[in-house]
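Worksheet: one structure, shown below.
None of these values were measured; they are calculated from a predicted model.
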Amino acid sequence: MLPLKLIQEQGNFIIERLKIKNFDATQIISSILSTDEKRRALQTRIDIQLADLNNLARQIGQLYKEGKRQEAEAAKNQTFEIKEQNRVLKEEHATIEQLLKELVVQLPNLPHELVPVGKTADDNQLIRTGGIIPEPDINRKPHWDLLAGSGLIDFELGVKITGAGFPVYQREAARLQRALINFFLDQGLKAGFTEVQPPIMVNEDSAYGTGQLPDKEAQMYRSEADGLYLIPTAEVPLTNIFRDEILSADQLPVKYMAYTPCFRREAGSWGSHVRGLNRLHQFDKVEIVQVRHPDNSYIGLDEMVAYVESLVILLELPYRIIRLCGGDMSFTSAMTYDFEVFAAGQGRWLEVSSVSNFESFQANRLKLRFRDKGDKRTQLAHTLNGSALALPRIVAGLLENNQQGNEIFIPEILHPYTGFDRIRL
RNA sequence: GGAGAGAUGGCCGAGUGGUCGAAGGCGCACGCCUGGAAAGCGUGUACCCUGCGUGAAGCGGGGUCGAGGGUUCGAAUCCCUCUUUCUCCGCCA
């Protein structure tokens, strides 16, 4: 959510900037400005009435004290009319405020000036590549064929127990999952992230705080009876730790990470390209989050990109880092880098991480603020997050790139975690 | 799940209908004191909306004492609902 003040004062700037996201804000902004005008006018009237009522109440108390019952009664009668008028205005005010809020949340975040103009993924900007893409080999298989019949990752069994998109990992595959989680957390710890185990179900306020509600309701699994949602990412509970908080500048930057399972309904997003591990309803992920001073949030973003890169390098995976163009960026992001890993069996790049700076967009919604030392005023903090990393596609990459005959080699860095150096099929 | 007791500012803690945004203490900030520090003394110390003023300082109005509703001229204080914490009982990993 963009701050109202910014919309009031920099409307044209916003309109210009949002063109990068192919978003025409002209209409919305003019509606916001006129609605806000009405809202303030109304509030002024309401406040005057309330001030009158407060004065009368004080007078009445005084009159009673002085035993002037008659006059007190007269003053009381005055209040009734004002109160009635006030009730009407308040209703009007509530309606307008609701409308204003609905308008404001329709504006996406402003892209950073380095964000390339563009409409689709084709316009994204390649930042750099790394690792070695394996030589083409006709015997190389996509992971679902490679593992077929092994039971290591059993999609059919998952269907029996739960449904499509809920695979069962067994034996070495299960241990590989656990190894990766521990590896990621250990690395994160070294990089200065504080480990957190948050709830994996959240209430409506939290879902609203990070923007899952109201738009992306269909993406989440919901426990109807309790009004709770299964998290689609640890970003939700992790970021909501800071909802309604005011930090002091010396607490910044905050660096948190959490491993959680993630649940996504992925309604209507299935197709032939999302076989196997490529897209799941439940998957594991380690998420990193930062709360930063606005002055250095992009330093934080670079840090996180470098950190995620270090992970894929240690895993010896071929990767590329992409800066998303305006059209491909999320609603809430000011700048996003995607990490893709090449899965040689499928011959395609798979997104394994998305690292974003939301600047104050999310913080505004969350009411996450901080105060500079010696400053009376609070300001919105900047929030950032990224995956570090999401497991399934990393596993897909490892399986597909490291297959050799009937064996799949495990990168050396993981050996202490897995306890084996290869998987035999 | 049953019974009872709570929920007040960064923290502790007063406050049962009328200048209460809220005593007191702690903490914190600044100043005095000191060679420096501690102690001591003094001052200040919530957030949001809004009006004048440059979004400064400052001044004014409104709202907020878990949340929402109600009673009343007037509510932190009374009533209702919800949330939540603690204690006891039950159940349980």
Item to complete: Using a strict cut-off of less than 4.0 Å between a Lys/Arg side-chain nitrogen and an Asp/Glu carboxylate oxygen, indicate whether A:E97 and A:R39 qualify as a salt bridge.
Response: yes
Within a reach of under 6.0 Å around [atom1] of [X], are more than 12 heavy atoms found that belong to other residues, nucleotides or ligands?
{"X": "A:Q27", "atom1": "CD", "result": "no"}
{"X": "A:E156", "atom1": "CD", "result": "no"}
{"X": "A:R222", "atom1": "CZ", "result": "yes"}

Can you tell me if [X] and [Y] form a side-chain donor-acceptor pair at under 3.5 Å?
{"X": "A:E71", "Y": "A:Y64", "answer": "no"}
{"X": "A:Q62", "Y": "A:E66", "answer": "yes"}
{"X": "A:Y221", "Y": "A:H281", "answer": "yes"}
{"X": "A:Q212", "Y": "A:Y229", "answer": "no"}

In whole Å, measure the gap between the [atom1] atoms of [N] and [M] for me.
{"N": "B:A23", "M": "B:G36", "atom1": "C1'", "result": "37 Å"}
{"N": "B:G70", "M": "B:G53", "atom1": "C1'", "result": "41 Å"}
{"N": "B:A38", "M": "B:C30", "atom1": "P", "result": "11 Å"}
{"N": "B:A67", "M": "B:G61", "atom1": "C1'", "result": "26 Å"}
{"N": "B:G21", "M": "B:A39", "atom1": "C1'", "result": "33 Å"}
{"N": "B:A76", "M": "B:C33", "atom1": "P", "result": "44 Å"}
{"N": "B:U81", "M": "B:G4", "atom1": "P", "result": "13 Å"}
{"N": "B:U43", "M": "B:C47", "atom1": "C1'", "result": "23 Å"}

Would you tabulate the pairs of protein nitrogen or oxygen atoms and nucleotide nitrogen or oxygen atoms of nucleotides 63-70 of chain B closer than 3.5 angstrom?
none

Worksheet item: Considering only heavy atoms from C-beta outward, does the side chain of A:T332 approach that of A:T210 to under 4.5 Å?
Response: no
Practice prompt. Taking the six-membered ring for Trp and the full ring for Phe, Tyr or His, determine whether the centres of A:H382 and A:F358 are under 6.0 Å apart.
Written response: no
Measure from [atom1] on [X] to [atom2] on [N] and round the result to the nearest Å.
{"X": "A:D52", "N": "B:G61", "atom1": "CG", "atom2": "P", "value": "12 Å"}
{"X": "A:D226", "N": "B:U84", "atom1": "CG", "atom2": "P", "value": "10 Å"}
{"X": "A:D205", "N": "B:C82", "atom1": "CG", "atom2": "P", "value": "18 Å"}
{"X": "A:K76", "N": "B:G74", "atom1": "NZ", "atom2": "P", "value": "9 Å"}
{"X": "A:K90", "N": "B:G62", "atom1": "NZ", "atom2": "P", "value": "12 Å"}

Worksheet, complete the sentence: Value for CZ (A:F331) from CG (A:N109), rounded to nearest 0.5 Å, stands at 8.5 Å
Practice prompt. Please figure out whether A:T79 or A:K5 has its closest RNA chain B nucleotide nearer the 5' end.
Written response: A:K5
Discussion item. On RNA chain B, compare the nucleotides closest to A:E9 and A:I46; which residue's is nearer the 5' end?
Written reply: A:E9
Whom does [N] pair with, Watson-Crick or G-U wobble, provided both distances fall under 3.5 Å?
{"N": "B:G53", "answer": "none"}
{"N": "B:C11", "answer": "B:G25"}
{"N": "B:C47", "answer": "B:G63"}
{"N": "B:G18", "answer": "B:C73"}
{"N": "B:C86", "answer": "B:G4"}
{"N": "B:G40", "answer": "B:C32"}

Practice prompt. Check salt bridge (charged side-chain N to carboxylate O under 4.0 Å, His left out) between A:K21 and all other residues, then give those that pass, not counting sequence neighbours.
Written response: none
Item to complete: Determine which pairs satisfy side chain to side chain donor-acceptor pair (under 3.5 Å) with at least one residue from residues 414-425 of chain A, sequence neighbours left out, and list them in order.
Response: A:D186-A:Y417, A:E407-A:R422, A:E407-A:R424
All N/O contacts under 3.5 Å from nucleotides 45-49 of chain B to the protein, with atom names and distances to one decimal?
from	atom 1	to	atom 2	distance (Å)
B:C47	OP1	A:R371	NH1	2.4
B:C47	OP1	A:R371	NH2	3.0
B:C47	O3'	A:R369	NH1	3.1
B:C48	OP1	A:R369	NH1	3.2
B:C48	OP1	A:T378	OG1	3.1
B:C49	O3'	A:R39	NH2	2.8
B:C49	O2'	A:Q43	OE1	2.6
B:C49	O2'	A:Q43	NE2	2.9
B:C49	O2	A:Q43	NE2	3.2

Discussion item. Donor-acceptor pair, distance only, cut-off 3.5 Å: does the side chain of A:E400 make one with the backbone of A:H143?
Written reply: yes
Worksheet item: Which of residues 80-89 of chain A sit near RNA chain B, with a heavy atom under 4.0 Å from it?
Response: A:F80, A:K83
Practice prompt. Check every strand shown and say whether A:A75 touches a base, only sugar-phosphate, or nothing at a heavy-atom separation below 4.0 Å.
Written response: nothing
Find every protein N or O atom lying less than 3.5 Å from an N or O atom of nucleotides 18-23 of chain B, and list the pairs.
from	atom 1	to	atom 2	distance (Å)
B:G18	N2	A:A57	O	2.8

Fill in: For A:L414, the option from A:N182, A:L315, A:L314 that meets side chain to side chain contact (heavy atoms under 4.5 Å, CB included)
A:L315
Worksheet item: Taking it one step at a time, do A:Y256 and A:F242 satisfy ring-ring contact (aromatic ring centres under 6.0 Å, His included)?
Response: CA-CA 11 Å; A:Y256 278 7; A:F242 301 100; 5.5 Å; yes
